[in-house]
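Reviewing the structure listed below.
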Amino acid sequence: MRSRTLRQRVIIRAVGQFGRPHGTAGRVAGWVMAHRGSNRQRNLWVVSLLDVQPADRVLEIGFGPGLAIAELARHVTDGHIYGIDHSEVMVRQASKHNATAIRARRVELLHTSVDRLPRFDEPLDAIVAVNSIGFWPNPPDQLTQLRGLLRPGGRIALASQPRCPGATADTTARASQELHDLLTQAGFIQPRTETLHLSPPVACALATNPGDGQP
């Protein structure tokens, strides 16, 4: 019983590092996230679904080591990419990974959380969050606030690859439905879901901010 309790504590601590990396263990978690092949594949896939354009203004929430930020920067050559993350360790790692784009003033990475969103001088064209919504304090409220930052017709992509022990395709299907429902409840329209067949699969829910005159 004692060994099982210790094992549970270790697992909880490790999962916590991936949710909010800090200290030496957080730097290790960031390195793992940056170099795990499935993480890279997942982030590139989500960016491809968002169909960003060269002049877009894009926000990523919970950018981790900056894999999706780097992929966004390849496509957004005349616009601007913002990123927020509540981990100082991840801000430092992602800033190193995207140093060239940051120096060119095409990427701006901020240490803050989704419940303390920064001000933006113009509406955003797209918002993306990959495996971060599970760490948001109040997803329904935060999604409503995020919709207010998007221009009419702006897009959002929420991706989830369940990492709980024993996660299966059924786990992903449930996560997909939850994301779909959250977007609908927050007032987004035209929701759809896509699946990337990794192990476990990745679900990505996409939707649009209503245009002028739409409910």
Side-chain angles (χ1 to χ4, degrees), residues 11-22 26 29-30 33 42-43 46 49-50 57-66 68-69 72 81-91 94 108-164 167 171-194 200 202-210 214-215:
I11 292 172
I12 291 171
R13 187 171 298 176
V15 171
Q17 282 295 340
F18 286 101
R20 188 192 290 264
H22 58 276
M33 286 188 281
R42 181 183 65 209
N43 279 274
V46 173
L49 294 175
L50 202 54
R57 294 162 51 82
V58 186
L59 168 66
E60 182 180 10
I61 301 161
F63 50 73
I69 294 287
L72 287 166
I81 301 160
Y82 301 93
I84 65 169
D85 200 291
H86 59 193
S87 165
E88 288 185 275
V89 171
M90 290 296 93
V91 174
E108 183 179 353
L109 303 181
L110 304 173
H111 175 222
T112 188
S113 57
V114 69
D115 56 334
R116 296 186 178 184
L117 291 166
R119 292 179 178 271
F120 299 96
D121 53 359
E122 295 180 40
L124 301 170
D125 296 287
I127 295 173
V128 60
V130 181
N131 262 30
S132 73
I133 194 170
F135 301 103
W136 297 7
N138 191 329
D141 284 355
Q142 272 105 51
L143 283 171
T144 300
Q145 293 171 22
L146 290 170
R147 189 166 74 82
L149 298 178
L150 282 169
R151 63 166 175 80
R155 298 99 62 206
I156 188 169
L158 303 176
S160 175
Q161 183 181 24
R163 290 299 191 182
C164 54
T171 314
T172 298
R174 289 192 294 272
S176 177
Q177 186 62 53
E178 289 174 6
L179 295 176
H180 179 283
D181 292 346
L182 283 169
L183 288 171
T184 301
Q185 291 163 13
F188 289 94
I189 61 172
Q190 300 172 341
R192 77 179 203 271
T193 57
E194 302 285 346
V202 187
C204 184
L206 301 107
T208 304
N209 189 29
Q214 290 182 284

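When reading the values below, keep in mind they use all heavy atoms of this one structure, side chains included, and skip hydrogens, waters and symmetry mates.
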Could you walk me through whether D181 and Q177 pass the side-chain hydrogen bond (donor to acceptor under 3.5 Å, both in side chains) test, one step at a time? CA-CA 6 Å; D181 292 346; Q177 186 62 53; 2.8 Å; yes
dist L109:CG -> F63:CZ (nearest 0.5 Å) comes out at 4.5 Å
Would you check if the side chain of D85 reaches a backbone N or O of H111 as a donor-acceptor pair within less than 3.5 Å? no
Short side-chain to backbone donor-acceptor contact, R155 and L50, under 3.5 Å: yes
Under 3.5 Å: donor-acceptor pair, side chain of Q161, backbone of P200: yes
Any sub-3.5 Å donor-acceptor pair from D125's side-chain atoms to V58's backbone N or O? no
Okay, side chain of R147, backbone of A186: is any donor-acceptor separation there less than 3.5 Å? yes
Short question: side chain of T184, backbone of H180 - any donor-acceptor pair under 3.5 Å? yes
Keeping the roles fixed (side chain from S132, backbone from I61), state whether a donor-acceptor pair exists under 3.5 Å. yes
Ignoring hydrogens and angles, state whether a donor on the side chain of S113 or D115 is under 3.5 Å from an acceptor on the partner side chain. yes
Give a yes or no answer on whether the side chain of R57 reaches the backbone of P123 with a donor-acceptor pair at less than 3.5 Å. yes
All heavy atoms of I133 vs all of L182, minimum pair found to be CD1-CD1, 4.0 Å
Just by distance, do the side chain of N209 and the backbone of L150 share a donor-acceptor pair under 3.5 Å? yes
